[in-house]
Enquirer: 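Submitted below is the structure of interest, expressed as structure tokens.
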Amino acid sequence: SQTIHQWPATLVQPVGSPLSLECTVEGTSNPNLYWYRQAAGRGLQLLFYSVGIGQISSEVPQNLSASRPQDRQFILSSKKLLLSDSGFYLCAWDPGVGGYNQPQHFGDGTRLSIL
Amino acid sequence: AQKVTQAQTEISVVEKEDVTLDCVYETRDTTYYLFWYKQPPSGELVFLIRRNSFDEQNEISGRYSWNFQKSTSSFNFTITASQVVDSAVYFCALGGADGLTFGKGTHLIIQP
């Protein structure tokens, strides 16, 4: 069966520090991968999605970036964190076929606090 | 552009009451998909159900039921005999040509 791993679960970082959040999927090939942010415990904001290795689409311009160095690995990064980057970050995947008729499956999330 | 509206930001009921979470969507697509997700306090989003635009049959799964009505562009979710463990934020989502769009969620509080 497919599983998704996301780490770390919790992160406290000072303003201006770098960031690297990692997400990996097991049990499937060529998935679509997504990074979302959930601020103030509510709505989901799509940050990035990827349909293949090295293919990244950005939905919201900001100081974050994403990379997909391997088929089932998705990394969210920042060179310098801002206070506004605080939030709950969720990684998700879907099978990558059939368009948006497939549900996305989410990792456990990372709670990021910027001090 | 497609849109999902969950007008109820927070609902609080006493355990064992029935509760309905509303979801209204907008899309120009003729083929689209609707989803419900549950986000318990621990944070992860759990997929509950998917429905395609050609299937208006209502679905029941234990205490959960979903009512899809294309005429009113609604996909409502009812929990019967609610339990404290149902307390969570529930998201409705629409999958179509513009991608997957989530509503802002409804925070459901079940009081013992």
Side-chain angles (χ1 to χ4, degrees), chain A residues 1-11 21 23 25 28 31-51 55-60 86-113, chain B residues 1-11 21 23 25 27-55 59 61 66 75 87-109:
Chain A
S1 63
Q2 302 91 352
T3 55
I4 179 169
H5 302 282
Q6 187 181 340
W7 67 92
T10 305
L11 191 59
L21 302 181
C23 172
V25 180
T28 187
N32 290 334
L33 296 171
Y34 306 85
W35 277 111
Y36 289 88
R37 178 168 59 199
Q38 187 177 29
R42 294 306 297 274
L44 293 166
Q45 179 186 37
L46 178 63
L47 301 175
F48 302 95
Y49 68 93
S50 171
V51 299
Q55 301 178 62
I56 308 295
S57 296
S58 174
E59 291 293 308
V60 181
S86 292
F88 188 53
Y89 289 81
L90 287 156
C91 180
W93 73 274
D94 69 41
V97 294
Y100 284 92
N101 68 344
Q102 297 294 329
Q104 293 180 12
H105 302 277
F106 288 79
D108 290 342
T110 296
R111 297 195 184 278
L112 176 63
S113 298
Chain B
Q2 57 194 45
K3 184 180 176 182
V4 177
T5 301
Q6 295 181 255
Q8 305 150 309
T9 55
E10 184 172 291
I11 301 174
L21 309 181
C23 173
Y25 62 90
T27 180
R28 293 183 179 178
D29 298 336
T30 54
T31 302
Y32 52 89
Y33 299 84
L34 296 163
F35 306 85
W36 275 96
Y37 287 84
K38 175 182 180 180
Q39 186 179 37
S42 52
E44 77 280 13
L45 265 79
V46 178
F47 164 67
L48 296 178
I49 190 172
R50 176 188 67 182
R51 191 46 109 220
N52 76 56
S53 52
F54 298 107
D55 183 2
E59 181 155 340
S61 176
W66 291 269
F75 187 41
S87 296
V89 179
Y90 290 85
F91 291 94
C92 180
L94 167 67
D98 289 347
L100 187 64
T101 299
F102 283 86
K104 293 189 183 301
T106 296
H107 185 197
L108 177 63
I109 301 169

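Note on naming: letters A, B, ... go to the chains in the order of the sequence lines (proteins, then strands), and numbering restarts at 1 for each one.
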Enquirer: Taking every heavy-atom pair that is under 4.5 Å apart, which of A:G107, A:A92, A:P103 has the most such pairs with chain B?
Expert: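 That would be A:P103.
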Enquirer: Counting only non-hydrogen atoms closer than 4.5 Å, does A:Q45 touch chain B with its backbone (N, CA, C, O), its side chain (CB onward), both, or neither?
Expert: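 For A:Q45, no heavy atom lies under 4.5 Å from chain B.
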Enquirer: Return the option, out of B:G43, B:A93, B:G95, B:G103, with the maximum number of heavy-atom pairs under 4.5 Å with chain A.
Expert: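 Ranked by heavy-atom pairs under 4.5 Å with chain A, first place is B:G43.
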Enquirer: Is the backbone N or O of A:P8 less than 3.5 Å from a side-chain atom of A:T110, with the two atoms forming a donor-acceptor pair by type?
Expert: yes
Enquirer: Measure distances from A:Y49 to the heavy atoms of chain B and classify the residue's part below 4.5 Å as side chain, backbone, both or neither.
Expert: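 For A:Y49, no heavy atom lies under 4.5 Å from chain B.
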Enquirer: Relative to chain A, which segment of B:S42 carries a heavy atom at a distance below 4.5 Å: side chain, backbone, both, or neither?
Expert: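 Contact with chain A: backbone only.
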Enquirer: Have A:Y89 and A:R37 got a donor and an acceptor in their side chains that come within less than 3.5 Å?
Expert: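 A:R37 and A:Y89 do have a side-chain donor-acceptor pair below 3.5 Å.
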Enquirer: Checking heavy atoms, do the side chain of B:P41, its backbone, both or neither come under 4.5 Å from chain A?
Expert: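 Only the backbone of B:P41 comes within 4.5 Å of chain A.
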Enquirer: Apply side chain to side chain contact (heavy atoms under 4.5 Å, CB included) to B:Q2 and B:D29, showing your working.
Expert: CA-CA 9 Å; B:Q2 57 194 45; B:D29 298 336; 3.9 Å; yes
Enquirer: May I ask you to decide if B:G105's main-chain N or O and B:Q6's side chain share a donor-acceptor pair within less than 3.5 Å?
Expert: yes
Enquirer: Taking the six-membered ring where the residue is Trp, are the ring centres of A:F106 and A:Y34 under 6.0 Å apart?
Expert: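 That pair fails the under 6.0 Å test.
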Enquirer: If I measure from the heavy atoms of chain A, does B:Y32 come under 4.5 Å with its side chain, its backbone, both, or neither?
Expert: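 When you check distances to chain A, no heavy atom of B:Y32 falls under 4.5 Å.
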Enquirer: For the residue pair B:F102 and A:Y36, is the inter-centroid distance of their aromatic rings smaller than 6.0 Å?
Expert: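 Ring centres of A:Y36 and B:F102 closer than 6.0 Å.
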